[in-house]
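Notes follow the structure.
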Amino acid sequence: MTVSTVDREPTASGRSGSGVGTRVATGLFAGFGAVVLTFWVPATPAFAVWMVIHLWAAVEFVRMARRQLPTAPLRGLYLWIPLAGIGGFTLLQADRDLPALGVVLLGFGLVVLGAWSTLAARGAAVEALGSAAVIAFAVPYFAAPALCIYLLQQRDPFLVLLLFLIVGIGDSAAYFVGRAIGRRKLAPNVSPNKTWEGSIGGLLFAGGAAAVWAWLRLGRVPLELVVICAATAIAAQIGDLVESLFKRGAGVKDSSHVLPGHGGFYDRLDATLFAAPTLVACLWLVGFEIVLPG
């Protein structure tokens, strides 16, 4: 869950959120909660909490999608996402690695799920294509990151800290660098305030934070880890832009107002939804040994 300051668009009252003090207080509270979950709560109950948080974000996502797909059977996601999370958790507990064929079958299963859910519903036919696509997309979109956080915590809680450092520091640095020297718009049709200068600054600061983490935790800075952290930071920025695109399409500025000064849980998780799976996938490819002490 990112707890940094981001380049949010102003609300109708002229600014996003409830003031700097409220934003900082909420951010500190969220950060403290994430640290407690990571270092003082066992991985299994912590996964249950992360799953609930991601499901809450999915509820906010569905509310946004409803603006474009008012009759689509999207409430089914409140069942499919937890089932996918529990199923993935069960596989991880059994130490079963999914082969390539399993991944292909899983992807096809999501397509079937989206099509079947839409077919069985009584929604408008004009929304059928969007409905099937949203369901197939949203299940891994919200279930996989919670599983990835669990996997990182199970391997080493400090890997969860590494994830949040990359996302949080990269996000904050992108905001401040972009505000100071940003000139070239990164994605003007999606998020007018984001710039290429801010994006590069966020990437560099995220890499620096990861290097400090590696030096303090491992006593070295493996080159593979630098590349992995760069990929994770880029994925985080893409995740942020994807949510901005969805919000712009839905005509909303925040996914909800449940977190004072920060919007909703979806607003806080947007970057992590892409970053967590990217970090886990990269570490799986090169071997988790490069980030484990000893």
Side-chain angles (χ1 to χ4, degrees), residues 1-8 16-17 23 26-38 46-65 74 77-78 80-82 84-85 88 134 137-153 159-172 174-175 190-191 194 202 206 232-248 250 252-281:
M1 185 185 304
T2 61
V3 295
S4 57
T5 306
V6 296
D7 54 339
R8 308 189 62 75
S16 178
R23 287 180 59 80
T26 303
L28 290 175
F29 180 79
F32 176 76
V35 169
V36 170
L37 271 180
T38 301
F47 165 72
V49 176
W50 284 118
M51 198 69 243
V52 169
I53 292 172
H54 282 73
L55 183 59
W56 196 325
V59 171
E60 297 171 347
F61 171 83
V62 167
R63 288 174 182 167
M64 289 167 46
L74 302 182
L77 289 170
Y78 304 157
W80 304 132
I81 290 172
V134 167
F137 169 81
V139 173
Y141 185 46
F142 290 102
L147 283 167
C148 290
I149 293 173
Y150 162 75
L151 183 59
L152 292 173
Q153 183 179 3
L159 292 177
V160 181
L161 177 62
L162 173 63
L163 171 66
F164 291 150
L165 284 174
I166 294 172
V167 173
I169 291 180
D171 190 33
S172 294
Y175 169 74
V190 176
S191 186
K194 288 183 172 61
T232 303
I234 292 172
Q237 293 188 18
I238 294 173
D240 189 15
L241 286 172
V242 166
E243 196 227 6
S244 294
L245 178 64
F246 291 163
K247 289 194 296 186
R248 185 166 292 274
V252 299
K253 297 185 183 300
D254 294 305
S255 60
S256 77
H257 302 289
V258 69
L259 299 174
H262 284 262
F265 280 103
Y266 185 29
D267 293 314
R268 294 302 83 221
L269 288 173
D270 55 0
T272 309
L273 293 176
F274 275 40
T278 299
L279 179 59
V280 169

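Just so you know, these numbers come straight off a predicted model, no measurement behind them. Worth knowing before you read on, the calculation uses all heavy atoms, side chains too, and leaves out hydrogens, waters and symmetry mates.
- Rounding to the nearest 0.5 Å gives a distance of 10.0 Å between OG1 of T26 and CZ of R268.
- Legend: residues meeting side chain to side chain contact (heavy atoms under 4.5 Å, CB included) with A65, ordered by chain and number and at least two apart, are L74.
- A distance of 8.5 Å separates CG in L152 from CG in L162, rounded to the nearest 0.5 Å.
- For P277, the side chain to side chain contact (heavy atoms under 4.5 Å, CB included) criterion is met by P145, C148, not counting sequence neighbours.
- Side-chain contact between H262 and D267: absent, with no pair of heavy atoms (C-beta onward) separated by less than 4.5 Å.
- Residue M51 comes nearest to A146 through the heavy atom pair SD-CB, 4.0 Å, listed as atom of the first residue, atom of the second, then distance.
- Exactly one residue among W56, W50, F61 makes a ring pair (Phe, Tyr, Trp, His ring centres under 6.0 Å) with F265. That residue is W56.
- By the ring pair (Phe, Tyr, Trp, His ring centres under 6.0 Å) test, W80 is found to be paired with no residue, residues two or more places apart in sequence or in another chain being considered.
- When the side chain to side chain contact (heavy atoms under 4.5 Å, CB included) test is applied to A250, the partners found at least two apart in sequence or on another chain are M64, R67, V252.
- Donor-acceptor pairing under 3.5 Å is lacking for the side chains of K247 and S244.
- A donor-acceptor pair under 3.5 Å is absent between the side-chain atoms of T232 and the main chain of A275, judged by distance alone.
- Nearest heavy-atom pair across I166 and A206 is O-CB, 3.6 Å.
- Put simply, CG on L279 and OG1 on T272 are 11.0 Å apart, with the number rounded to the nearest 0.5 Å.
- Here F246 contributes atom CZ and D270 contributes atom CG; the two are 11.0 Å apart, rounded to the nearest 0.5 Å.
- Here the closest heavy-atom approach between residue V139 and residue A84 is recorded as CG1-CB, 3.6 Å.
- Taking every heavy atom of both residues into account, A276 and I149 meet most closely at CB-CG1, 4.5 Å.
- Atom OG of S191 and atom CD of Q237 lie 11.0 Å apart (nearest 0.5 Å).
- Listed by chain and number, the residues in a side chain to side chain donor-acceptor pair (under 3.5 Å) with Q153 amount to none (sequence neighbours excluded).
- Judged by distance alone, with hydrogens and angles left aside, the side-chain atoms of D171 form no donor-acceptor pair with the main-chain N or O of G168 at under 3.5 Å.
- Using a 4.5 Å cut-off on side-chain heavy atoms (C-beta onward), L273 and E243 make no contact.
- Residues passing the side chain to side chain donor-acceptor pair (under 3.5 Å) test with T278: none are found, sequence neighbours excluded.
- With sequence neighbours excluded, the residues that form a side chain to side chain donor-acceptor pair (under 3.5 Å) with Y266 are Y141.
- Looking at every heavy atom in both residues, E60 comes nearest to S255 through OE1-OG, 3.0 Å.
- The side chain to side chain contact (heavy atoms under 4.5 Å, CB included) check on V52 picks up nothing, with sequence neighbours excluded.
- In this structure, L165 and L161 have side chains that are in contact, with non-hydrogen atoms separated by less than 4.5 Å.
- Within a 6.0 Å sphere centred on CZ of F32, other residues, nucleotides and ligands contribute 12 heavy atoms or fewer.
- Counting heavy atoms of neighbouring residues, nucleotides and ligands inside a 6.0 Å radius, atom CZ of F29 does not exceed 12 of them.
- Put simply, CG on L269 and NE2 on H54 are 5.0 Å apart, with the number rounded to the nearest 0.5 Å.
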